[in-house]
Enquirer: 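Let me give you the structure first, and then I'll get to my questions.
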Amino acid sequence: MASWNSTPLEITYEVLGWTAFVSWSISFYPQVILNFRRKSVVGLNFDFVVLNLTKHSSYLIYNASLYFSSAVQKQYFKKYGDKQMIPVAANDVAFSCHAVLLTAVTLYQISIYERGNQKVSKISIGIVAVVWLAAAVCVFVALPRHSWLWLISVFNSIQVSMTCIKYIPQAVMNFLRKSTDGFSIGNILLDFTGGAASYAQMAMQSIDQHSWVNFYGNIGKTLLSLISIFFDLLFMCQHFVLYRGKSSEELVKTSDEPVSENWGRKGMASWNSIPLEITYEVLGWVAFLSWTVGAYPQIVLNFRRKSVVGLNFDFVVLNLTKQSAYLIYNASLYFSTAVQKQYLEKYGKEQMIPVAANDVAFSIHAVLMTAVTLCQIAIYERGNQKVSKISFGIVAAVWLGAAVCVFLALPTHSWLWLISIFNSIQVFMTVIKYIPQASMNFLRKSTDGFSIGNILLDFSGGVANYAQMAVQSIDQGSWVNFYGNMGKTLLSLISIFFDLIFMNQHFVLYRGKRALIAPKIISKESTEPLIKSSDDPVSENV
């Protein structure tokens, strides 16, 4: 199998791949959450979901077979040449698995929630039946000759066909209802981002290999990106231009108090400018993607080195507390109508809630990834470093104080005050969590073992997050969302400040320097190299 010729292109390929995976994976959640909040699936076309399940199932079969089966890979190289690379990456397989599961969840919601008079059409049932019957016939045809590559190409063709037709029922339904109410636009924005990133990922591989065989060798992935982008643009046109602000009469009939994609926040201000609203959504998900993908470079670096030497443990422990407090704040303000009511009473009913869906999604993901990093600390080489007693004391004091505040808030139902405490906690932890890592880098005179990729993406997320809040303020002609969500404001500014320090340490002060001896904070007597030598030592540049 061919190898990469350019390290920057390889890194870009991986980042784009996981950006596409994260975008497509998260794109399922806005619709699932919208259905859950409304307890209704009116506005979501059932044919779209059924065809989508067939599409993702066939795509999973194709991706998993080509990625894991050596027999299929052997036939691929025989057809396209040994110098080519397999056109399926790990993120493709991960996405397919996740897509099948989440589409199944959506089908389950259709079975239990209010759905009006809509049913799955006989046409869709017929298409699905014919597709799987034909696939079964192809399996029996391929068995005697072991034509595995041909067989999975059939499944690839199925997923391309399903991609071509699955969007049509939803687009037609939106047109007939003259509304997109009940169909999540968040799904479309993320799907568009994923399609663009997937196409760019394939282009990076082709540029590196000086060959475009991965485009026609994996025509399914190529067409998937282009078709998705086309229909996403159509849905965005319907939502933001053609049927903006229009609610379907059918949806009104299903409830005395209809819930739109604003998820029932009556009395809340709406957007005044379509371009600013689109910019707000894009910036929010750019921040989310940057911060989300930013968790992976450190995890991958630890995995490849099988060592966490160079990563400060206090930083990770304090970060877990910070992210947990931020999750409590975001989820409470975004989902709880009681908290929202108190917020609007305090800041005015004409204001908008300063927490977006991407804030909640980021917080959940951040807690999980920080927990993964803690697991790596537990199992990988870590030298003599331990979590300091100071950090233990800080974390214990913070959660003890939070518990006291919960008991104080219960009698008076002071929920807004309570979540403001958690917001203050996350701001406080953001201020102090970077200090141990910056000090460790200074004492070691090196950033080796601490991923700069994490910092670059964190910086991008901070800038995009601050810009997102500014866009909302410009649209509303009010800056209340800055001091009404002081945690988010300070989070961006503090993150940017420390990211600049880390970039200065990595690219200027300690550029190219590797720590040879562990500092005193790790080992007072050890003269052992910070990273154990081997025949081929692994640094972050691997």
Side-chain angles (χ1 to χ4, degrees), residues 14-15 17-30 32-33 36 90-91 93-102 105 186 190 193-194 284-304 308 311-335 355-380 387 391 395 398-399 402 419 422-423 425-426 429-430 433-434 437 450-451 453-455 457-458 460-462 465 487-488 491 495:
E14 292 293 339
V15 170
W18 287 107
T19 298
F21 164 68
V22 170
S23 299
W24 277 334
S25 297
I26 297 169
S27 70
F28 291 91
Y29 291 96
V32 171
I33 294 172
F36 173 76
N91 60 275
V93 181
F95 162 71
S96 300
C97 293
H98 183 269
V100 171
L101 291 175
L102 268 290
V105 169
L190 286 163
T193 303
W285 288 108
V286 166
F288 166 70
L289 290 173
S290 298
W291 277 334
T292 301
V293 177
Y296 291 96
Q298 186 66 56
I299 291 174
V300 173
L301 178 61
N302 297 340
F303 173 75
R304 299 195 69 174
V308 289
L311 173 64
N312 190 278
F313 300 170
D314 292 346
F315 166 73
V316 180
V317 170
L318 296 174
N319 195 36
L320 182 61
T321 298
K322 178 262 179 187
Q323 301 294 2
S324 300
Y326 195 41
L327 172 59
I328 293 171
Y329 171 80
N330 283 331
S332 300
L333 188 51
Y334 190 75
F335 291 112
V355 173
N358 60 275
D359 297 314
V360 182
F362 161 71
S363 299
I364 295 172
H365 184 270
V367 170
L368 293 175
M369 289 303 103
T370 308
V372 169
T373 307
L374 276 176
C375 291
Q376 290 183 318
I377 288 175
I379 62 176
Y380 291 153
V387 179
S391 292
V395 171
V398 162
W399 287 113
I419 69 165
F422 284 99
N423 200 19
I425 289 173
Q426 73 93 7
M429 302 308 291
T430 301
K433 73 171 185 175
Y434 294 103
Q437 186 66 58
F450 180 60
S451 175
N454 172 26
I455 299 305
L457 288 164
D458 190 59
S460 300
N465 190 45
K488 189 174 180 181
L491 170 67
S495 297

Enquirer: Which class fits the ring pair Tyr296 and His365: parallel under 30°, tilted 30 to 60°, perpendicular over 60°?
Expert: tilted

Enquirer: Please report the shortest heavy-atom distance between Val398 and Ile425, naming the atom on each side.
Expert: CG1-CG2, 3.5 Å

Enquirer: Which heavy atom in Ser332 sits nearest to a heavy atom in Ile419, and how many Å separate them?
Expert: CB-CG2, 3.6 Å

Enquirer: Using distance only, find each side-chain donor-acceptor pair of residues 373-380 under 3.5 Å and give its atom names and separation, not counting sequence neighbours.
Expert:
from   : atom 1 : to     : atom 2 : distance (Å)
Thr373 : OG1    : Met369 : O      : 3.0
Gln376 : OE1    : Asn302 : ND2    : 2.9
Gln376 : NE2    : Ile299 : O      : 3.0

Enquirer: What heavy-atom pair brings Val387 and Ser391 nearest, and what distance separates the two atoms?
Expert: CG1-CB, 4.0 Å

Enquirer: Report yes if some heavy atom in the side chain of Tyr329 is under 4.5 Å from a heavy atom in the side chain of Val355; otherwise report no.
Expert: yes

Enquirer: Side chains of Asn312 and Phe450, heavy atoms from C-beta outward: is any pair under 4.5 Å?
Expert: no

Enquirer: Nearest 0.5 Å please: distance from the CD atom of Gln437 over to the CG atom of Asp314.
Expert: 10.0 Å

Enquirer: When you measure from the side chain of Gln426 to the backbone N and O of Ala325, does any donor-acceptor pair fall under 3.5 Å?
Expert: no

Enquirer: Hey, does Leu318 have a side-chain heavy atom less than 4.5 Å from the side chain of Lys322?
Expert: no

Enquirer: Checking Val360 against Phe335 for the side-chain contact (heavy atoms from CB on, under 4.5 Å) test, could you report, in this order, the C-alpha distance in whole Å, the side-chain angles of both residues, the deciding distance, and whether it holds?
Expert: CA-CA 9 Å; Val360 182; Phe335 291 112; 3.7 Å; yes

Enquirer: So which atom in Thr430 and which in Ser495 form the shortest heavy-atom distance, rounded to 0.1 Å?
Expert: CG2-OG, 4.3 Å

Enquirer: Nearest 0.5 angstrom please: Tyr29 OH to Ile364 CD1, how far?
Expert: 8.5 Å

Enquirer: Do you know which two heavy atoms are closest between Ala371 and Leu320, and how far apart they sit?
Expert: N-CD1, 4.4 Å

Enquirer: Please report the shortest heavy-atom distance between Pro30 and Leu190, naming the atom on each side.
Expert: CG-CD1, 4.3 Å

Enquirer: Nearest 0.5 angstrom please: Ile455 CD1 to Ser460 OG, how far?
Expert: 11.0 Å

Enquirer: What's the spacing between Ser451 OG and Leu457 CG if we round to 0.5 Å?
Expert: 8.5 Å

Enquirer: Between CZ of Phe422 and OG1 of Thr321, what distance do you get to the nearest 0.5 Å?
Expert: 11.5 Å

Enquirer: Rounded to the nearest 0.5 Å, how far does CG of Asn454 lie from OG of Ser290?
Expert: 11.5 Å

